[in-house]
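Data block below; observations after.
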Amino acid sequence: MYTIGIDLGTSNSVACVFRRGRIETILVDGHATFPSVVSVRQNAVELVGRTAKRRAMIEPSQSITSAKRFIGDGETEWAISGKTYTPITVSTLILARLKKAAEDFLGGPVNEAVITVPAYFSNDQKRDTKLAGEAAGFRVLQLLPEPTAAAMISTCCWWII
């Protein structure tokens, strides 16, 4: 069983794993980055990632981009195709897709994750990020500030870079 690291980004998200002595980026649909976008069709089918990003250009009222900007505010909601989405539910959909990609990539279950968050995130933003990770099926081991993650890699794993 592997633990993955996730950068849940405002525009794009990325997941990585440390195995075989190095950090590997987990490909999602053949790409290293995954758009942090959700789009909902009229029949309530939820699209996540590249397909959602393409659809957001055509159907912006059916799409949610940059949900991370609102995480932790406790107020933002989007009503699309008869369903209400919050920043937590949008983040959950993105994280769940990254989880599936990681399981496909690694050939087995992935139940634990470390998720990076901006250094300025409030406790509410951190709490909601953790809730999204748990709803996606992860045991969130830690929410790590992005500068801390960068410093850790630069000091303890410099040979990987």
Is it true that the side chains of S39 and E59 contain a donor and an acceptor less than 3.5 Å apart? no
Between T84 and W78, is any pair of side-chain heavy atoms under 4.5 Å apart? no
Going by the salt bridge (Lys or Arg N to Asp or Glu O under 4.0 Å) test, name the single residue among K100, R97, R50 that passes it with D29. R97
Hphob cluster co-occupancy, V14 + V48, side-chain heavy atoms under 4.5 angstrom: no
With heavy-atom distances below 4.5 Å as the criterion, would you say the side chains of V40 and V45 are in contact? no
Kindly compute the distance separating CD (Q62) from CG (L47), expressed to the nearest 0.5 Å. 10.5 Å
Regarding S13 and S36, is there a side-chain donor-to-acceptor distance under 3.5 Å anywhere? yes
Do E75 and F70 come close enough that some side-chain heavy atom pair is under 4.5 Å? no
Any side-chain heavy-atom pair from S91 and I71 closer than 4.5 angstrom? yes
Separation between CZ of R22 and SG of C16, rounded to the nearest 0.5 Å: 11.0 Å
Any donor-acceptor N/O pair, K130 side chain to L143 backbone, under 3.5 Å: no
Using a 4.5 Å cut-off on heavy atoms from C-beta on, say whether the side chain of T33 contacts that of P35. no
Following the transitive rule for hydrophobic clusters with a side-chain heavy-atom cut-off under 4.5 Å over Ile, Leu, Val, Met, Phe, Trp and Tyr, establish whether L106 and L95 coincide in one cluster. yes
Check: I4 and F18 side chains under 4.5 Å, non-hydrogen atoms: no
Checking E112 against Y2: is there a side-chain donor and acceptor pair closer than 3.5 Å? no
Heavy-atom distance under 4.5 Å between the side chains of I6 and T116, does that happen here? no
Going by heavy atoms in the side chains, are V28 and L98 under 4.5 Å from each other? yes
If you compare all heavy atoms of V37 against all heavy atoms of A56, which two are closest, and at what distance to 0.1 Å? CG1-CB, 4.3 Å
If you measure from CG on N111 to CZ on F138, what distance do you get to the nearest 0.5 Å? 8.5 Å
Out of curiosity, I64 CD1 to E46 CD, how far, rounded to the nearest 0.5 Å? 9.0 Å
Within 6.0 Å of NZ in K53, more than 12 heavy atoms from elsewhere: no
Between D124 and G72, the two heavy atoms sitting closest are CB-O, 3.5 Å
To the nearest 0.5 Å, atom CD1 of I115 lies from atom CD of Q142 at 11.0 Å
Any side-chain to backbone donor/acceptor pair from S81 onto R41? Under 3.5 Å, distance only. yes
When you measure from the side chain of T86 to the backbone N and O of T89, does any donor-acceptor pair fall under 3.5 Å? yes
Determine, using the 4.5 Å side-chain heavy-atom cutoff (strictly less than), whether V117 and V140 are members of one ILVMFWY cluster. yes
Determine yes or no for a side-chain-to-main-chain donor-acceptor pair under 3.5 angstrom, with T129 supplying the side chain and Q125 the backbone. yes
Spatial distance of atom OG (S11) from atom CZ (F34) [nearest 0.5 Å]: 13.5 Å
Is K68 reaching over with its side chain to a backbone N or O of L8, donor-acceptor style, under 3.5 angstrom? yes
Can E103 and V110 be said to form a side-chain contact (heavy atoms from CB on, under 4.5 Å), step by step? CA-CA 6 Å; E103 291 174 340; V110 175; 3.8 Å; yes
